[in-house]
Amino acid sequence: MSDDRALEAIGRIERALARIEAAATKVPEPAPRDDSELRQLREVHQALRGKVEGAISQIDRLLAEAEGV
């Protein structure tokens, strides 16, 4: 009697492990691509990059002026 219960428990454990392994190896589907969002992010990136380049140029000018003093 006890052996039957143990065998049933082992069977349940093996089935659970099989489900876990199947879930672990399943590759998630990629999110649908939204080109408009990507385009908008690129535009924002370019604008931010331009501002940073301007700020760095201004810092360079200030440092050059300070060295010339």
Side-chain angles (χ1 to χ4, degrees):
M1 180 89 138
S2 149
D3 289 340
D4 290 339
R5 290 180 62 195
L7 289 174
E8 287 177 23
I10 291 171
R12 287 193 304 271
I13 291 170
E14 288 176 344
R15 289 188 297 276
L17 283 173
R19 289 191 305 271
I20 291 169
E21 288 174 349
T25 59
K26 185 178 180 182
V27 177
E29 293 185 25
R33 191 166 179 187
D34 185 2
D35 288 336
S36 64
E37 183 179 1
L38 181 59
R39 199 173 313 114
Q40 181 182 9
L41 286 173
R42 285 184 175 155
E43 290 171 2
V44 170
H45 172 75
Q46 283 301 112
L48 181 59
R49 185 179 184 137
K51 288 180 181 181
V52 170
E53 288 174 353
I56 290 173
S57 294
Q58 186 176 10
I59 290 170
D60 286 342
R61 281 192 305 273
L62 291 171
L63 289 173
E65 289 174 10
E67 288 176 356
V69 171

- What's the spacing between I20 CD1 and T25 OG1 if we round to 0.5 Å? 12.0 Å
- Can you measure from CZ (R15) to CD1 (I10) and round to the nearest 0.5 angstrom? 11.5 Å
- Message: Can you tell me how far apart CG (L63) and CD (Q58) are? Round to the nearest 0.5 Å.
- Response: 11.0 Å
- Note on the structure: In this structure, CD of E65 is separated from CG of D60 (nearest 0.5 Å) by 11.5 Å
- Message: List the residues meeting side-chain contact (heavy atoms from CB on, under 4.5 Å) with L38, not counting sequence neighbours, and say none if there are none.
- Response: R33, R42
- Message: Would you say that Q46 contacts E43 through its side chain, given a criterion of any heavy-atom pair below 4.5 Å between the two side chains?
- Response: no
- Between the CG atom in D34 and the CZ atom in R39, the distance rounded to the nearest 0.5 Å is 8.5 Å
- Quick one: salt bridge (charged side-chain N to carboxylate O under 4.0 Å, His left out) partners of R49, sequence neighbours excluded? E53
- Can you tell me how far the CG atom of L41 sits from the CG atom of L48, to the nearest 0.5 Å? 12.0 Å
